[in-house]
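Take a look at the following structure, please.
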Number of protein chains: 4
Amino acid sequence: MRPKDDLKQTAIEQATYQLVQEQGLLRLKMADIARAAGLAASTLYVYYPSKQDLLDSLYQQAKSRSFQRLIAQDDPGKPLKARIRTIWHNMVDNRLQYPQELVFMEQYHSSAFLSASSRELSSNMQHFFAELLLAGQQSEQLKPLPLPLLMASVQSSVRDLSRLIQDGVLSDGPDLRQAAFSLCWDALCA
Amino acid sequence: MRPKDDLKQTAIEQATYQLVQEQGLLRLKMADIARAAGLAASTLYVYYPSKQDLLDSLYQQAKSRSFQRLIAQDDPGKPLKARIRTIWHNMVDNRLQYPQELVFMEQYHSSAFLSASSRELSSNMQHFFAELLLAGQQSEQLKPLPLPLLMASVQSSVRDLSRLIQDGVLSDGPDLRQAAFSLCWDALCA
Amino acid sequence: MRPKDDLKQTAIEQATYQLVQEQGLLRLKMADIARAAGLAASTLYVYYPSKQDLLDSLYQQAKSRSFQRLIAQDDPGKPLKARIRTIWHNMVDNRLQYPQELVFMEQYHSSAFLSASSRELSSNMQHFFAELLLAGQQSEQLKPLPLPLLMASVQSSVRDLSRLIQDGVLSDGPDLRQAAFSLCWDALCA
Amino acid sequence: MRPKDDLKQTAIEQATYQLVQEQGLLRLKMADIARAAGLAASTLYVYYPSKQDLLDSLYQQAKSRSFQRLIAQDDPGKPLKARIRTIWHNMVDNRLQYPQELVFMEQYHSSAFLSASSRELSSNMQHFFAELLLAGQQSEQLKPLPLPLLMASVQSSVRDLSRLIQDGVLSDGPDLRQAAFSLCWDALCA
DNA sequence: AATGAATGAGTGTTCATTCAT
DNA sequence: GATGAATGAACACTCATTCAT
């Protein structure tokens, strides 16, 4: 009895992220995942009952890992701007260091595949971040605009910057980071 | 490939936009398009040589129509902020009034389907807008940040606002527009 | 535009009957049917939406054709014994001349495939025959036993005789027929 | 192939009979048998080299058990009618008390699975019963019809009655049994 | 002996595309 | 030009069976 191999589980995940990044969710075939992971196609069904389940499972995993990375080093004792800066940097780092997971999440999210349970999970980070910004509004540091607008503004700032760095249009570094964050912060600031 | 019947051409286009919005690009089938357009599936091949071509053609059409709408009423004689405000409003209007075309463009753009020729066209609006912002930087009205960063900032502002309105989270109106635009403008402003 | 070919429809039916007789319902594959009918496998789906539907459709067709053959030459004006003899002979003939259809019906009937609508149809012949026997009981020609028992007795007589002839154990002919029918009739007779 | 654990052997058999009755031979899967028997699928291969062998083995077992039950209490010293009546009752009882085994035998017999060796065994009961009826013919108690015809007639009588009782159409009891047996006997009788 | 893991050879079904009319 | 019919190339998924432990 071979032990159900964690390495294989990981191989499947990595293969899937890789393939989605390379060819898009649309072209993703179970047979390709298996080949890339070094398995027989039928073996995938030992680990996941269906393609849908495999994708769902990866999505939820990526979502929660992302969340953990974003709030790393966040210190509730620090002042608001510092906390937001930390998280903002984490968000950028997350995108730059785990681009495959991010690509996967975005493609899957916008692909009419998303199951109900996955949709729920989607809001972890939203809640956490909303409360942070709300506190900023109550202390009159942030503009009294609708919260979703502020949140979207921050997230877009991160996404845009990361994309430009990834595309080679801009080069990552402290100066660029500072410029980009100030752009973001000024937009929020009262 | 010049169609005899413009009505059928239009029916195909509308059917495709509709179906992509309803079910996603992933589930789009030639047979469905034909049924929704009131044609036989094989007739689609009278108008387009392949599915790929059909999608490509729709993408380029949507792109250039979008561009025309965005620069409508733009007056090069007006001051910078007014011009940007006009275009910003056009961008929001465009998203709210032609959501199907926008959904189609975004899904298609991020789907590894995009052909080379389509990718080129993609930059029309980019060039136009880049020059506008560049002028703003030269007159020291806008921050001296990398142009792509500023452009992305504006586009995100538009996309975020539109999405929130479409999702019913916020309600469109002069006040909201003003708030959202000021958020956008402040971020750009020196 | 080629006309949807009735010949192909028939080819599919014949191929299916043939294959079920030769290899059993269990081994019946869509690809085999297609090959035997001289078509591509996917063409089967032009004529039937699924394997289940194909089988269902064949079953209902066989059922109703069978019924028509069984009541051929039945003359309500004739005496009871003559009518039953006629039908009894028709039943035997039906089994001997269309063995494939009969094999198919029996295999399909006992295969947990049978759909609800097919199950209904199943009783056409039952009703017709039940009334005939009931009349015989009322005129005190037939035993006053439960009708289902009498009906089953006749049907078994037919099935058993046919099987023995088909298996080559007995040889068909007027004498055998007469012996077998008298066996059947005596069992019914008061 | 001699099993260590007789309980497991029995569990496999019972599970198989059960599943065939519930879902039909067509839907029978090794994994289902294993689950129903409380084993791992691979364990089945410790007891039987293949699915074919498992089914074959069960078939032969059911056949010989059936035979033992049918000739129970048969007393060669008694008169013919009494012997046949006893056996006839045993046949009905056998069907009513072990319906799963009977269902299995019938489905398996008519499923093109039957192996050569199984086919031979099939005739135990045939021989025994043939000699009994032959004796009846020689003493001029039974009709001088082909033996297979007489045998089939009796077996059908049993099968029909049992089915009607199982289906709830008729209710078992001494009166029904007597009526049904007389129907059967009269058909045989000279 | 017992089994969880792994798999190859199918299976039914889908769908973009072609073709004869 | 328009189309119903036909199809080949996939594709997701199944299942009896093998194997290492």
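Since the structure is predicted, the reported quantities are computational estimates derived from the model, not experimental observations. Side chains included, hydrogens not; waters and symmetry mates left out as well; all remaining heavy atoms used. Here is how names work: the chains are called A, B, and so on, in the same order as the sequence lines, proteins then strands, and each is numbered from 1.
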How long is the line joining NZ of Lys29(B) and P of dT13(E), in whole Å? 15 Å
Rounding to an integer number of Å, can you tell me how far Gln52(D) CD sits from dA16(F) P? 13 Å
Reckon Lys8(B) has a side-chain N or O less than 4.0 Å from the OP1 or OP2 of dA2(F)? yes
Specify the separation, in whole Å, of atom OH of Tyr48(C) and atom P of dA5(F). 14 Å
His109(A) and Tyr59(A), any side-chain heavy atoms less than 4.5 Å apart: yes
Using heavy-atom distances to pick each residue's nearest nucleotide on DNA chain F, tell me which of Leu39(C) and Tyr45(A) is more 5'. Leu39(C)
Rounded off to whole Å, could you give me the CZ-to-C1' distance for the Arg27(D) and dA16(F) pair? 18 Å
Would you say Leu102(A) and Ser66(A) make side-chain contact, with heavy atoms under 4.5 Å? yes
Report yes or no: do Tyr108(D) and Asp56(D) form a side-chain donor-acceptor pair below 3.5 Å? yes
Mind checking Leu28(D) for me? I need base, sugar-phosphate or nothing, with any heavy atom below 4.0 Å counting as a touch. sugar-phosphate
Ser50(A) vs Ala41(B), nearer the 5' end of DNA chain F by closest nucleotide: Ala41(B)
Separation of Lys51(D) atom NZ from dT14(F) atom P, in whole Å? 15 Å
Here the distance between atom C1' of dA16(E) and atom CG of Leu55(B), to the nearest Å, is 12 Å
pair Leu55(D)-Leu58(D): side-chain heavy atoms closer than 4.5 Å: no
Which one, dC13(F), dT3(F), dG12(E), comes nearest to the side chain of Met30(C)? dG12(E)
Calculate the interatomic distance between Arg35(D) atom CZ and dA16(F) atom C1'; express it in whole Å. 14 Å
Can you give the dot-bracket line for DNA chain E, where a pair is Watson-Crick or G-U wobble with both atom distances under 3.5 Å, crossing pairs use [ ], and | marks a partner on another strand? .||||||||||||||||||||
Please tell me if Tyr47(D) has a side-chain N or O lying less than 4.0 Å from either OP1 or OP2 of dA2(E). yes
Nearest-angstrom distance from the residue atom CG of Leu44(C) to P of dT14(E): 13 Å
May I have all residue pairs that pass ring pair (Phe, Tyr, Trp, His ring centres under 6.0 Å) and include part of residues 12-44 of chain B, sequence neighbours excluded? Tyr17(B)-Phe104(B)
On DNA chain E, check which nucleotide each of Ser42(D) and Ser42(C) is closest to and give me the residue with the more 5' one. Ser42(D)
Does Thr43(A) place a side-chain N or O at less than 4.0 Å from the phosphate oxygens OP1/OP2 of dT7(E)? yes
Checking side-chain contact (heavy atoms from CB on, under 4.5 Å) for the pair Asp53(B)/Ser50(B): CA distance, chi angles, key distance, verdict? CA-CA 5 Å; Asp53(B) 281 276; Ser50(B) 75; 2.8 Å; yes
Determine whether Lys8(A) and Val46(A) make a side-chain contact, defined as any pair of heavy atoms from C-beta on separated by less than 4.5 Å. no
